[in-house]
Amino acid sequence: MSWTRRHLLDIQSLTAEEIVTVLDTARALKEVGRRAIKTFPALRGKTVVNLFVEPSTRTRTSFELAEQRLSADIVNFTAEASSLRKGETLKDTARNLEAMNVDFIVIRHSAAGAPHFLARVLQAHVINAGDGAHEHPTQALLDLFTIRERKGRIEGLNVTIIGDILYSRVARSDIWGLTKLGARVTLCGPSTLVPREFEQLGCRVTYDLKEAIRDADVINLLRIQHERQRRTMFPGVQEYIQFFGINPARMAWTKPDVLIMHPGPINRGVEIDSETADGERSVILEQVTNGMAVRMAVLFLVNGGRGPQEVIAA
Ligand code: CP
């Protein structure tokens with residue numbers, strides 16, 4: 001077992017072995033979810049605060065369900081109704097929560113590096129649920145889990161990520177995770193949102209959609225993150241759809257067994273049409289299902305859990 005970390009802050013700093021430990025532990029915990037008694041009380045007596053300062057549907061809900069399955073006590077912090085609105089700093093907020101004997105803080109924040117900062121100033125375990133355009137490590141882990149479950153491996157696969165790479169924390173975490181596990185990553189989208197600098201991370205960059213998807217084993221689609229863009233990055237939505245939107249006509253260019261992924265939320269009719277999003281190649285809702293097991297695995301491991309063998313033996 002190769003996991004000794006107190007926090008999960010990013011994928012960049014993880015080794016391939018650590019990533020595989022999370023995936024194997026998640027696989028064992030997914031099996032627990034099929035038993036008559038679905039709980040695995042590894043966090044009994046521990047308190048988790050879900051500190052979401054940015055909106056979330058999937059990540060927040062699946063962290064909460066994962067914490068319930070691990071028998072933790074849960075506090076859902078509502079930023080809008082908190083003293084953050086009165087000017088309290090993130091550090092003071094977190095230290096006041098910790099003064100109430102909180103053991104874990106799961107944080108989503110618009111500022112890149114916010115989880116790393118909290119990990120430096122708190123004793124509690126910190127888990128990054130998305131920090132600005134930097135990283136979204138549990139999304140990458142659930143993406144890797146879903147690919148491995150469906151394809152049986154990560155190494156040697158061609159994975160194409162299409163869309164707003166520049167502002168996407170999912171893209172960064174996926175790139176780190178996929179390349180560490182031996183996948184070949186291609187990035188595609190408008191040149192303003194897919195700068196050539198990403199080649200330095202070991203990716204191929206192309207602005208030709210057909211070239212990007214014809215050999216892909218997996219296509220991961222990202223929405224345009226208008227909330228992070230300070231200026232218009234391409235002429236308009238219609239041009240985006242024309243050059244980069246995925247629909248049945250474009251699916252005809254792909255391998256017959258390609259997987260279609262999307263972290264959500266989807267902008268239907270923009271990066272993907274409804275027929276493809278809900279079609280037989282789509283694993284978008286499987287990604288959501290797998291998010292729970294992956295987040296259980298992360299909480300279990302940062303709490304000192306010994307890995308999949310401990311789950312299987314329980
Ligand atoms: N994929 C993802 O992070 O979705 P939410 O913003 O709904 O959590």
Side-chain angles (χ1 to χ4, degrees), residues 8-12 22-23 26 48-69 74-80 104-115 126-147 149-150 159 161-178 189 193 218-229 246 259-268 270-272 277-278 282-299:
L8 176 68
L9 302 178
D10 52 44
I11 300 292
Q12 182 178 2
V22 179
L23 303 186
V48 185
V49 173
N50 296 314
L51 202 172
F52 279 62
V53 188
E54 267 196 342
S56 170
T57 297
R58 285 145 287 269
T59 312
R60 182 176 178 145
T61 308
S62 71
F63 261 115
E64 190 174 341
L65 289 167
E67 292 150 10
Q68 285 175 9
R69 288 272 171 96
I74 302 162
V75 177
N76 286 317
F77 179 92
T78 310
E80 287 302 302
F104 292 80
I105 293 191
V106 177
I107 178 169
R108 169 169 289 191
H109 202 284
S110 58
V126 177
I127 297 174
N128 182 359
D131 62 324
H134 176 227
E135 281 227 31
H136 192 346
T138 58
Q139 179 68 45
L141 291 165
L142 75 88
D143 290 347
L144 293 168
F145 183 95
T146 305
I147 295 169
E149 188 175 63
R150 276 299 198 119
V159 180
I161 308 175
I162 303 173
D164 178 358
I165 311 294
L166 184 62
Y167 292 97
S168 172
R169 55 195 174 206
V170 175
R172 280 177 184 73
S173 289
D174 275 349
I175 290 166
W176 286 120
L178 287 162
L193 294 175
V218 177
I219 299 174
N220 194 6
L221 299 163
L222 304 176
R223 75 182 169 90
I224 305 299
Q225 307 213 43
H226 296 288
E227 72 272 26
R228 298 193 208 289
Q229 297 177 9
I246 295 293
L259 297 184
I260 296 294
M261 303 180 74
H262 195 306
I266 295 173
N267 287 150
R268 285 177 183 264
V270 182
E271 66 271 13
I272 186 169
D278 302 328
S282 169
V283 293
I284 294 170
L285 292 179
E286 282 178 43
Q287 290 173 261
V288 178
T289 302
N290 292 334
M292 213 167 94
V294 163
R295 288 171 177 127
M296 284 175 77
V298 168
L299 288 157

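Quick caveat, the model's predicted, so the values are computed rather than measured. In each ligand, atom 1 is the first atom listed, and ligand 1 is the first ligand listed. Side chains are part of it too, since the values below use all heavy atoms of this structure and drop only hydrogens, waters and symmetry mates.
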What verdict does the salt bridge (charged side-chain N to carboxylate O under 4.0 Å, His left out) test give for Arg268 and Asp278, after you've listed the backbone C-alpha separation in whole Å, the side-chain angles of each residue and the deciding distance to 0.1 Å? CA-CA 10 Å; Arg268 285 177 183 264; Asp278 302 328; 3.0 Å; yes

Cation-pi check, Arg295 onto Phe63 ring (under 6.0 Å, within 45° of axis): yes

Atoms of ligand 1, numbered as shown, that sit under 4.0 Å from any heavy atom of Thr59: 2 (C), 3 (O), 4 (O), 5 (P), 8 (O)

Just by distance, with hydrogens left out, do Arg223 and His262 show a side-chain donor and acceptor under 3.5 Å apart? no

Considering all heavy atoms, the nearest His109-Ala111 contact: ND1-N, 3.0 Å

Near Pro263 (heavy-atom distance under 4.0 Å), the atoms of ligand 1 are 1 (N), 2 (C)

All heavy atoms of Leu9 vs all of Asn128, minimum pair found to be O-ND2, 2.9 Å

For atom 6 (O) of ligand 1, tell me which residue out of Arg58, Arg108, Glu54, Gln287 has the closest non-hydrogen atom. Arg108

Where ligand 1 meets Gly264 - atom numbers and elements under 4.0 angstrom, heavy-atom basis: 1 (N), 2 (C), 4 (O)

Distance under 4.0 Å to a non-hydrogen atom of Thr57: what atoms of ligand 1 satisfy this? 5 (P), 7 (O), 8 (O)

